[in-house]
Amino acid sequence: MFRDVPRLELMAASPGAQKLIKGIRTSPTSAIRMDRTQKHHGRLAIPAKEGKLVSMGGFGVKFKISGDETNRAFSIVEHAVQPRTLVPPHLHHDTDEYSYVVEGQFGARIGDEILLAGPGDYILKPRGIPHTFWNPTDKVARLVEIISPAGFEKFFAEAGELFTQGPPEVERVGALAAKYNTTLGWNEWVSELTKKYKLKLFG
């Protein structure tokens with residue numbers, strides 16, 4: 001069973017093997033870290049001002065981190081929402097969203113729950129639950145949106161193109177949302193929320 005042990009000992013004692021072993025023992029971990037960094041071809045820092053901007057009628061989108069940079073684990077966009085603007089109620093079938101409020105206030109309805117969030121607060125919008133959010137104030141409000149897994153950020157890119165030609169028909173926006181496994185609807189929420197909080201639907 002241990003018949004080959006002497007042969008292995010001889011091999012390990014050879015000058016070439018000893019040199020290799022010594023090199024492994026003395027290699028600094030910083031060299032390993034540097035090698036990993038060199039193999040990463042994406043960005044390692046995103047300046048505050050960087051990112052393509054699109055406008056969707058009172059609802060802005062700034063693209064910060066794409067799914068291509070995270071192996072589709074997540075993407076990040078920033079939203080600037082104009083005063084008294086409501087985002088159409090919708091439901092993501094395969095996407096979770098996590099919103100971090102940076103400036104101003106946001107109201108949100110997630111299922112049957114209505115909440116208000118301010119700077120530093122998070123809003124969780126799980127897949128499979130209809131939701132909407134709005135700016136209930138008279139100043140621009142801003143939030144960071146984490147989309148997991150990535151993919152829905154591409155809806156914003158295409159929808160932005162639609163809005164360059166003026167406010168598109170709701171049916172066109174709905175068809176585009178369906179392409180990204182998202183359903184628009186819950187119109188009764190729109191009439192209720194716009195009246196209660198003095199809002200207007202984006203667009």
Side-chain angles (χ1 to χ4, degrees), residues 48-67 75-93 95-111 114-119 121 123-125 127 129-147 150-203:
K49 293 182 179 180
E50 185 175 315
K52 179 184 176 183
L53 283 167
V54 300
S55 178
M56 298 165 60
F59 179 72
V61 185
K62 179 187 270 190
F63 299 90
K64 301 301 291 186
I65 301 176
S66 74
S75 61
I76 296 180
V77 298
E78 294 176 358
H79 293 312
V81 182
Q82 295 300 312
R84 305 287 171 182
T85 298
L86 172 70
V87 173
H90 56 281
L91 179 151
H92 301 293
H93 295 279
T95 302
D96 300 310
E97 292 178 316
Y98 308 92
S99 302
Y100 175 76
V101 181
V102 176
E103 179 183 349
Q105 289 188 324
F106 281 92
R109 178 168 179 172
I110 303 164
I114 293 180
L115 53 90
L116 183 67
D121 293 338
I123 304 171
L124 278 59
K125 297 169 285 185
R127 70 186 71 190
I129 302 177
H131 60 271
T132 183
F133 60 97
W134 59 89
N135 177 357
T137 75
D138 294 320
K139 296 182 179 179
V140 175
R142 303 177 190 278
L143 60 77
V144 172
E145 189 85 284
I146 303 169
I147 301 166
F152 191 70
E153 72 277 8
K154 295 179 182 179
F155 162 81
F156 295 126
E158 291 195 48
E161 292 295 325
L162 290 180
F163 276 87
T164 59
Q165 305 163 18
E169 297 176 354
V170 176
E171 291 76 15
R172 292 188 69 188
V173 179
L176 182 58
K179 176 181 173 181
Y180 292 97
N181 216 13
T182 295
T183 301
L184 302 186
W186 299 272
N187 294 329
E188 66 278 8
W189 291 11
V190 175
S191 56
E192 175 187 334
L193 294 170
T194 52
K195 182 178 180 181
K196 185 175 182 178
Y197 298 101
K198 300 178 181 178
L199 307 172
K200 60 182 181 300
L201 195 62
F202 92 137

Going by atom type alone, with no hydrogens or angles, which donor-acceptor pairs under 3.5 Å involve a side-chain atom of residues 101-109 and a protein atom two or more places apart or on another chain?
unit_1: E103; atom_1: OE1; unit_2: R142; atom_2: NE; d: 3.1
unit_1: R109; atom_1: NE; unit_2: G111; atom_2: O; d: 2.9

Please tabulate, for the side chains in residues 188-203, all donor-acceptor contacts under 3.5 angstrom to protein atoms that are two or more places apart in sequence or on a different chain.
unit_1: S191; atom_1: OG; unit_2: E188; atom_2: O; d: 3.1
unit_1: T194; atom_1: OG1; unit_2: V190; atom_2: O; d: 2.6
unit_1: T194; atom_1: OG1; unit_2: S191; atom_2: O; d: 3.3
unit_1: K200; atom_1: NZ; unit_2: P83; atom_2: O; d: 3.0

Can you give the donor-acceptor pairs under 3.5 Å from side chains of residues 86-93 to other protein atoms, not counting sequence neighbours?
unit_1: H90; atom_1: ND1; unit_2: P88; atom_2: O; d: 2.8
unit_1: H90; atom_1: NE2; unit_2: H92; atom_2: NE2; d: 3.4
unit_1: H90; atom_1: NE2; unit_2: H131; atom_2: NE2; d: 3.1
unit_1: H92; atom_1: ND1; unit_2: T182; atom_2: OG1; d: 2.8
unit_1: H92; atom_1: NE2; unit_2: E97; atom_2: OE1; d: 3.1
unit_1: H92; atom_1: NE2; unit_2: E97; atom_2: OE2; d: 3.3
unit_1: H93; atom_1: NE2; unit_2: T183; atom_2: OG1; d: 2.8

Tell me which donor-acceptor pairs under 3.5 Å the side chains of residues 151-169 have, and how far apart each pair is, sequence neighbours excluded?
unit_1: E153; atom_1: OE1; unit_2: S75; atom_2: OG; d: 2.8
unit_1: E153; atom_1: OE1; unit_2: G151; atom_2: N; d: 2.7
unit_1: E153; atom_1: OE2; unit_2: G67; atom_2: N; d: 3.4
unit_1: E158; atom_1: OE1; unit_2: K179; atom_2: NZ; d: 3.2
unit_1: E158; atom_1: OE2; unit_2: K179; atom_2: NZ; d: 2.8
unit_1: E158; atom_1: OE2; unit_2: Y180; atom_2: OH; d: 2.4
unit_1: T164; atom_1: OG1; unit_2: E161; atom_2: O; d: 2.5

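Residues satisfying the side-chain contact (heavy atoms from CB on, under 4.5 Å) criterion with S99, sequence neighbours excluded, are I123, K125, L143, E145. By the side-chain hydrogen bond (donor to acceptor under 3.5 Å, both in side chains) test, D96 pairs with R127, sequence neighbours left out.
When side chains are defined from C-beta on, V81 does not count as touching V140, because their heavy atoms never get closer than 4.5 Å. Proximity of K52 to V54: side-chain heavy atoms (C-beta onward) are separated by under 4.5 Å at one or more points.
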Steps toward side chain to side chain contact (heavy atoms under 4.5 Å, CB included) verdict (N181, T95):
CA-CA 9 Å; N181 216 13; T95 302; over 6 Å; no

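Within the 3.5 Å criterion, the main-chain N or O of V61 finds no donor-acceptor partner in the side chain of H79.
Between T85 and Q82, the shortest heavy-atom distance links the atoms OG1-O, 3.1 Å. Looking at every heavy atom in both residues, K64 comes nearest to E50 through NZ-O, 2.5 Å.
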